[in-house]
Amino acid sequence: MIRSRGFVTLLLLLLMAAFGFGTYTLIGNLRTASTIARVVDPLKSKTQVALPGSILLSQNGALYKLQGGSFTQLTPANGWQQPAVLPNHNIVAVQRHSSYSNIAVLSPTGHLINWLTNFADPADISNAHWGFYPVPVQGSNSIFFSYDQQGAESYNVTFSIWSLPIASSPLTDGVQWSSPNPYQGGDVQPVGTPGGGVIYSKFAINSTTGATYSQLYYQASATDPGNYLTPPSANCEEPALNPAATELAMICINDTAQTSALEIAPISNNGTTYVLGPARVIPSAVLPAVPAWSPNGKSLIFLSPATKGAPFQLWVIQNPLAAQPSPAQQVTTGFNLDATSTPVWTAG
C-alpha cells in the first residue's frame, strides 16, 4: 500500500517525539554542525582522569570500552548504542537502523552471540518496531526493555516496558509490564531493582500547559499496578540505582528555564514498594544526562557538554553522597558521546 507524504511526516514526528522529550529535546536544540564537525577518535585519545574498572560508551554508532585511560572499540560503527552488562559479563545492546532497531547479546569483546528481537519488516514500515534501553532483570536470566508494540500503523508510537528471557526466541516469551499514557512517548529507561522489579520513566502531557513531563515509576512485577516515585512538578527521568539500592540518581528538568539538574535521593523499600526521600541537587556540568554509579557506589559518572552547544563528554563526581561532593571532573575531551546511551561502569 502506498503511503502519503503526510503519513510519513507524521510518523517521523512521532518518532522524534518519542526521543525528543526531556533532556533529549535540549540536546537537539543545542547541538550544531560546527560543534560536532571535529570529533576525536577514541582509539587515539587518553582520558584526563584515571578511573578504575571499565566503562562502556557509545559514539557514532560504535561501542567502546574505556579501561586504564585507553579505549578499545568493541563493535563496528553501524548503529550500536545503549549497552548494558549481563551477570555472565556478556553485553546486551541496541542496533539502531533508519526505521527499526533490534536488541542483541554480544560477547564481552563485542562479537555477536544472538539476536533477542527481530523488528525489521522491509516490505512494510508500519510493521517494523523499535526496541530500546535493554537492562538486566536482577535475579533473573531476562532483560527489561522499551518496545513500541502498537507500531506505526496505529499513529500511537508509544513505548511500554517489557521483560524477555535471554534464552527465548524473539518475543516468544516476552511479557508486557507497563501501561503507558497514549501518544505521550511512553515508558522508557528501565532500571532493574532487587527482587526483579523495575524503575522507569513514565511520560505524560500537562493538560493545562501542553508540556511533556516525566515521573519515575516503580513496579514490583508485571501484575503490580505500581506507584509514582516523583511528582509531576519535578519532571525527573533517567533513573540510576546505586549498587546497594539505597540511593537513586536522576535527571530533573526545568522546562521553563530549559535547564536540567543531576539529583540524588535516598530510596528505600517499606516492604510493599519503594519510596524516595528528599532529593538534592548535585553540582555538575551544563546539561547532565544519563548518570551511572561506580561498582562500589562511591562515584557517579554522567554525560554532559563542556559548554552549551558542544558535544557530550564523560564526567565523574567523586563522593557524590558527601555533604559537599567533589566538583565534577571532565574525563574526555573532543568526543561526541551518545547522550541517549547510559555509560556502564563495571569492576572488570
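No hydrogens, no waters, no symmetry mates; every other heavy atom, side chains included, goes into these values. All values derive from a computational prediction rather than experimental measurement.
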(message) For the OH atom of Tyr218 and the OG1 atom of Thr273, what is their distance to the nearest 0.5 Å?
(response) 5.5 Å

(request) Would you check if there is a donor-acceptor pair between the side chains of Ser160 and Asp187 at a distance under 3.5 Å? (result) no

(request) Taking atom NE2 of His111 as the centre, report whether more than 12 heavy atoms of other residues, nucleotides or ligands fall under 6.0 Å from it. (result) no

(request) Give the cluster check for Val105 versus Trp162: same hydrophobic cluster or not, with ILVMFWY residues linked at side-chain heavy-atom distances below 4.5 Å. (result) yes

(request) Begin from the C-alpha positions of Arg96 and Gln82 and carry the test side-chain contact (heavy atoms from CB on, under 4.5 Å) through to its verdict. (result) CA-CA 10 Å; Arg96 184 172 183 173; Gln82 297 177 352; over 6 Å; no

(message) Walk me through whether Ile282 and Leu300 qualify under side-chain contact (heavy atoms from CB on, under 4.5 Å).
(response) CA-CA 10 Å; Ile282 305 300; Leu300 196 63; 5.6 Å; no

(message) Please evaluate residues Ile166 and Ile143 with respect to the criterion side-chain contact (heavy atoms from CB on, under 4.5 Å), reporting the C-alpha separation (whole Å), side-chain torsions for both, the decisive distance (0.1 Å), and the verdict.
(response) CA-CA 7 Å; Ile166 294 172; Ile143 62 166; 4.0 Å; yes

(message) Trp345: which residues meet the ring pair (Phe, Tyr, Trp, His ring centres under 6.0 Å) condition with it, sequence neighbours left out?
(response) none

(request) Using the rule that two of Ile, Leu, Val, Met, Phe, Trp, Tyr join whenever any of their side-chain heavy atoms come within less than 4.5 Å, decide whether Val94 and Leu112 are in one cluster. (result) no

(message) Can you classify the ring geometry of Trp177 versus Phe144 as parallel (below 30°), tilted (30 to 60°) or perpendicular (above 60°)?
(response) perpendicular

(message) Looking at Ile317, is its backbone amide N or carbonyl O close enough to the side chain of Ser326 to form a donor-acceptor pair, meaning the two atoms are under 3.5 Å apart?
(response) no

(request) State whether the side chain of Ser140 and the backbone N or O of Val137 hold a donor-acceptor pair below 3.5 Å, judged by distance alone. (result) no

(request) Could you walk me through whether Val40 and Thr332 pass side-chain contact (heavy atoms from CB on, under 4.5 Å), step by step? (result) CA-CA 10 Å; Val40 170; Thr332 63; over 6 Å; no

(message) Would you say Ser214 and Lys202 are linked by a side-chain donor-acceptor pair, where the criterion is simply a distance under 3.5 Å?
(response) no

(request) Indicate yes or no for a side-chain donor-acceptor contact from Asn242 to the backbone of Glu247 under 3.5 Å, with no hydrogens or angles considered. (result) yes

(request) Using atom types as modelled and distance alone, determine if a side-chain donor or acceptor of Thr158 lies under 3.5 Å from a backbone N or O of Tyr183. (result) yes

(request) Indicate yes or no: at least one non-hydrogen side-chain atom of Ile199 is less than 4.5 angstrom from one of Thr193. (result) yes

(message) Test your reading of the model: is there a side-chain donor-acceptor pair from Thr75 to the backbone of Leu63, 3.5 Å cut-off?
(response) yes

(request) Indicate, with yes or no, if Leu216 and Ile267 share a hydrophobic cluster defined by side-chain heavy-atom contacts under 4.5 Å among Ile, Leu, Val, Met, Phe, Trp and Tyr. (result) yes

(request) Find the distance between CD (Gln67) and CG (Leu56) and round it off to the nearest 0.5 Å. (result) 10.0 Å

(message) Please give me the minimum heavy-atom distance between Pro288 and Ala261, naming the atom from each residue.
(response) CG-C, 4.0 Å

(message) Just verifying a value: how many Å separate Thr230 OG1 and Leu248 CG, rounded to the nearest 0.5 Å?
(response) 9.0 Å

(request) Indicate yes or no for a side-chain donor-acceptor contact from Ser260 to the backbone of Leu287 under 3.5 Å, with no hydrogens or angles considered. (result) no

(request) Examine distances only and state if a side-chain atom of Lys65 and a backbone atom of Thr109 form a donor-acceptor pair shorter than 3.5 Å. (result) no

(request) Provide the closest heavy-atom pair for Asp121 versus Asn127 in the form atom of the first, atom of the second, distance. (result) OD2-CB, 2.9 Å

(message) If I take atom CG from residue Leu314 and atom OG1 from residue Thr333, how far apart are they, to the nearest 0.5 angstrom?
(response) 10.5 Å

(message) For a quick test of reading the model, state the closest non-hydrogen atom pair linking Ala328 to Ser284 and the distance between them.
(response) CB-CA, 4.1 Å

(request) Can you measure from SG (Cys236) to CD1 (Ile251) and round to the nearest 0.5 angstrom? (result) 9.0 Å

(message) Determine whether a donor-acceptor pair (N or O, by modelled atom type, separation under 3.5 Å) exists between the side chain of Ser294 and the backbone of Ser299.
(response) yes

(request) Give a yes or no on whether Ile103 and Leu86 share a hydrophobic cluster (residues Ile, Leu, Val, Met, Phe, Trp, Tyr; joining criterion: side-chain heavy atoms under 4.5 Å apart). (result) yes

(message) Can a donor-acceptor pair be found, under 3.5 Å and without considering hydrogens, that links the side chain of Thr307 to the backbone of Ala310?
(response) no

(message) Does any part of the side chain of Pro239, heavy atoms only, come nearer than 4.5 Å to the side chain of Gln189, both counted from C-beta?
(response) yes

(request) Measure from the side-chain N and O atoms of Ser58 to the backbone N and O of Trp80, and report whether any donor-acceptor pair falls under 3.5 Å. (result) yes

(request) Identify the two heavy atoms, one from Asn235 and one from Tyr213, that lie closest to each other, and give their separation to 0.1 Å. (result) OD1-CA, 3.3 Å

(request) Would you check if Pro291 and Leu262 make a side-chain contact, meaning some heavy-atom pair closer than 4.5 Å? (result) yes

(request) Assess whether ring pair (Phe, Tyr, Trp, His ring centres under 6.0 Å) is satisfied between Tyr217 and Tyr228, documenting all intermediate values. (result) CA-CA 4 Å; Tyr217 201 83; Tyr228 288 102; 4.7 Å; yes

(message) With heavy-atom distances below 4.5 Å as the criterion, would you say the side chains of Pro42 and Leu66 are in contact?
(response) no

(request) Locate the shortest heavy-atom distance separating Gly192 from Gln138; write the atom from each residue and the value. (result) O-NE2, 2.9 Å

(request) Compare all side-chain heavy atoms of Thr342 with those of Glu238 and state whether any distance is below 4.5 angstrom. (result) no

(request) Looking only at non-hydrogen atoms, find the nearest pair between Asn90 and Ser107 and report the distance. (result) OD1-CA, 3.6 Å

(request) State, with a plain yes or no, whether a side-chain heavy atom of Val331 is found less than 4.5 Å away from one of Gln48. (result) no

(message) For a quick check under 3.5 Å, do Glu237 and Ser201 share a side-chain donor-acceptor pair by atom type?
(response) no

(message) Any non-hydrogen side-chain atom of Thr117 less than 4.5 Å from a side-chain atom of Gln95?
(response) no

(message) For residues Val92 and Tyr133: do they belong to one hydrophobic cluster (side chain heavy atoms under 4.5 Å, members Ile, Leu, Val, Met, Phe, Trp, Tyr)?
(response) yes

(message) Quick check: do Tyr64 and Leu43 have side-chain heavy atoms less than 4.5 Å from each other?
(response) yes

(message) As an exercise, state the distance from CZ of Phe312 to OG1 of Thr340, rounded to the nearest 0.5 Å.
(response) 10.0 Å

(message) Is the distance from the ring center of Phe119 to that of Tyr147 below 6.0 Å?
(response) yes

(request) Quick one: do Phe335 and Phe71 satisfy ring pair (Phe, Tyr, Trp, His ring centres under 6.0 Å)? Show the steps, please. (result) CA-CA 12 Å; Phe335 285 36; Phe71 290 85; 5.1 Å; yes

